Every structure is written in structure tokens, then in C-alpha cells.
Asks: 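Mind having a look at this structure? Questions to follow.
The structure displayed is predicted, hence computed values, not measured ones. Letters A, B, ... are given to chains in the order of the sequence lines, protein chains preceding strands, and every chain is numbered from 1.
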Amino acid sequence: MISPPSSPPQSIEELEELANQICGFTIGELAQAAGVTIPTHLKHHKGFAGQIIELYLGAEAGSKPVPDFEHLGVELKTLPVSDKGSAIESTFVCTAPLTPEPFVTFETSHLFNKLKQVLWIPLVTYKNQPWVERIVGPGHIWRPDTVEKQLLKQDWEELTEILLTGHVQDLNASLGQVLQIRPKAASSRVKKQTLDEDGKSIQVNPKGFYLRAAFTTKIIKQKFMCG
DNA sequence: TAATGATCATCT
DNA sequence: AGATGATCATTA
């Protein structure tokens, strides 16, 4: 049986090798082999699958606002996909600053820093199957191509402009072609102080950047179309 | 408190 | 069924 590595991968190649080794196993099998207690419901353990994958790929646990494999510049994302290869959920990228710093560009943004290089791990989910049966699919490193980068940049600039000008309250998830901003908090009752368009202090629900499922579906399918 | 890992629940 | 808004656990 397979077991988690004792140290983080030192190169992209090592990371890809680790990803290859867990391909084909289910989340339940990996958790069991690692001696991790398997929760009954995902509702109270939404990050469980992601954390198991982190364990097997040698990612450092933690909540730092930097890529998972900082020394490699690689961010790790698990993505639940249907048996047809479509993303089932949107993908959280990072917290959206309610008051972005002026002069930060897309290229220097926290968001792009995380999306420069992503190791996508598809988790194949069949309908009505328990989530522990999700199968680890073939992982691959993705770097946004010219078109993808331009789409991300457009959306980021549009959304950041709204934040910069204090129109946070006008934001909703329908904005953005490939990116969107949605609530990211323990509940809608959680509030954070910021300023509105007139510079008046207001309280709003914290937000995060998410990649739309249609966008991540294309990324995952590229792997199978181009090899 | 604010960042990480995300999925849940509801509405259209 | 897809999209939007709400929510859950954990760590520093």
C-alpha cells in the first residue's frame, strides 16, 4: 500500500511523481492507509479530501496566503468532477481584499500569484456515490495560456475596480466571465469593516475569488485532449 | 481575526 | 441542473 512522503517534493518532477502514485485510489483508501479517521459527512469536514491530497503530496499544512508548494511556485487544487469530466463545483482561489491596495496590478496580485502554476487533482465523483468513493484522477500542472490569462486579467481588473471605488455592495456572483466574487465566511452574520463609495464606514460580509466551473472544466479537459 | 481547505443549500 | 449566496472545520 501507498503512504504519504516523509518530506516535501524538491522539484516539479518529484511532485508530479507523487501525484501519479495516488492516481486511481479513492479518498477513502488513502485516508485509511494514512490512518486518518474518515468523517461520515462532508458537511462538517468540507476540506477533508483536499487535506488528504495535501498529505500525500507533501504539502505543508497551514493557512498562509501563499502557494502550497512555495519553493516550487505551485498551488494545489482538488477539483470534484463528474464521470463526464465536468467540474461539479467552483474553485476557491483566495480572499478578495475589500480595500485593494492601489497600484497592485494583475501580474502582482495575490490571485495571479496563486494561479501562475496550479497542480489540478481531479476527484471523479459518480452520482449518488458516497464521497469516500471519489477516485483520484490524473493530476497535471497548468499554467494559464495567453487567452486564459487575458480572461483572468479582465475579470480581475473589473472586479478590483469595483472594490477600489468602494462599490462592494454592488458586487454579486454574476459578474466576471471566468472569475467571480462570492461570500467567504463562517456565515452571513460575519462582518468586516470597510468604506463605501463616499468614504463612509460600512460592514460587509467577507468575500473570496472563485473560478467558475465552466473555466475549470476546460482546464481539466485539456489534459485529456492534448495529452 | 483572517487565512486555509472547500461543499452545502436554496432559488431560479 | 446550474448558479448564487451561505456555511463548516481548522490553524496561526
Asks: Got a list of side-chain donor-acceptor pairs under 3.5 Å for residues 167-175 of chain A, not counting sequence neighbours?
Replies:
unit_1	atom_1	unit_2	atom_2	d
H167(A)	ND1	T165(A)	O	3.1
H167(A)	ND1	T165(A)	OG1	3.0
N172(A)	OD1	S174(A)	N	2.9
N172(A)	OD1	S174(A)	OG	2.4

Asks: Atom CG of L211(A) to atom P of dA3(C): distance rounded to whole Å?
Replies: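 That distance rounds to 14 Å.
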Asks: If hydrophobic clusters are built by linking Ile, Leu, Val, Met, Phe, Trp and Tyr wherever their side-chain heavy atoms come under 4.5 Å apart, do V93(A) and L159(A) end up in the same one?
Replies: yes
Asks: Measure the distance from CG on D83(A) to P on dA1(C) and round it to the nearest whole Å.
Replies: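 Whole-Å distance recorded here is 13 Å.
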Asks: Pairs of donor and acceptor atoms involving the side chains of residues 146-156 of chain A, under 3.5 Å and at least two apart or interchain, shall be tabulated with distances.
Replies:
unit_1	atom_1	unit_2	atom_2	d
E148(A)	OE1	W142(A)	NE1	3.0
E148(A)	OE1	D145(A)	N	2.9
E148(A)	OE2	Q222(A)	NE2	2.8
Q154(A)	OE1	Q177(A)	NE2	2.9
D155(A)	OD1	Q177(A)	N	3.0
D155(A)	OD2	Q177(A)	N	2.8
D155(A)	OD2	V178(A)	N	2.7
D155(A)	OD2	L179(A)	N	3.0

Asks: Using heavy atoms and a sub-4.0 Å distance, could you list which residues of residues 147-173 of chain A are near DNA chain B? By number, please.
Replies: none
Asks: Summarise protein proximity over nucleotides 5-12 of chain B in one line of letters, 5' to 3': B for base, S for sugar-phosphate only, - for none, counting protein heavy atoms closer than 4.0 Å.
Replies: BBBBS---
Asks: For the helix from dT1(B)-dA12(C) to dT12(B)-dA1(C), what angle lies between the axis at the first five pairs and the axis at the last five pairs, to 10 degrees?
Replies: 20°
Asks: Sequence neighbours excluded, which residues qualify as ring pair (Phe, Tyr, Trp, His ring centres under 6.0 Å) partners of F48(A)?
Replies: W131(A)
Asks: Who are the side-chain contact (heavy atoms from CB on, under 4.5 Å) partners of K77(A), not counting sequence neighbours?
Replies: E75(A), T91(A), V118(A), W120(A)
Asks: Throw together a table of side-chain donor-acceptor distances under 3.5 angstrom for residues 184-193 of chain A, partners on residues two or more places apart or in other chains.
Replies:
unit_1	atom_1	unit_2	atom_2	d
S187(A)	OG	R189(A)	N	3.0
K191(A)	NZ	S188(A)	O	3.4
Q193(A)	NE2	S201(A)	OG	2.9

Asks: Would you please name every residue forming a ring pair (Phe, Tyr, Trp, His ring centres under 6.0 Å) with Y56(A), sequence neighbours left out?
Replies: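 Residues passing ring pair (Phe, Tyr, Trp, His ring centres under 6.0 Å) with Y56(A): none at all.
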Asks: F209(A) has an atom CZ; how far is it from atom C1' of dT4(B), in whole Å?
Replies: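 My rounded result for the distance is 17 Å.
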Asks: Give every donor-acceptor pair under 3.5 Å between a side-chain atom in residues 16-24 of chain A and any protein atom, sequence neighbours left out.
Replies:
unit_1	atom_1	unit_2	atom_2	d
E17(A)	OE2	Q21(A)	NE2	3.1

Asks: Mind checking side-chain contact (heavy atoms from CB on, under 4.5 Å) for T40(A) and listing every partner two or more places apart, or none if nothing turns up?
Replies: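 Not a single residue meets the side-chain contact (heavy atoms from CB on, under 4.5 Å) criterion with T40(A).
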Asks: To the nearest angstrom, how far is H41(A) atom NE2 from dA9(C) atom P?
Replies: 12 Å
Asks: Checking F92(A) now: which residues fulfil ring pair (Phe, Tyr, Trp, His ring centres under 6.0 Å) with it, not counting sequence neighbours?
Replies: Y210(A)
Asks: Answer yes or no: does a side-chain N or O of R212(A) lie under 4.0 Å from OP1 or OP2 of dG2(C)?
Replies: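 So the side-chain polar atoms of R212(A) never come under 4.0 Å of the phosphate oxygens OP1 or OP2 of dG2(C).
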Asks: Shared ILVMFWY cluster between I2(A) and L119(A), side chains joined below 4.5 angstrom?
Replies: yes
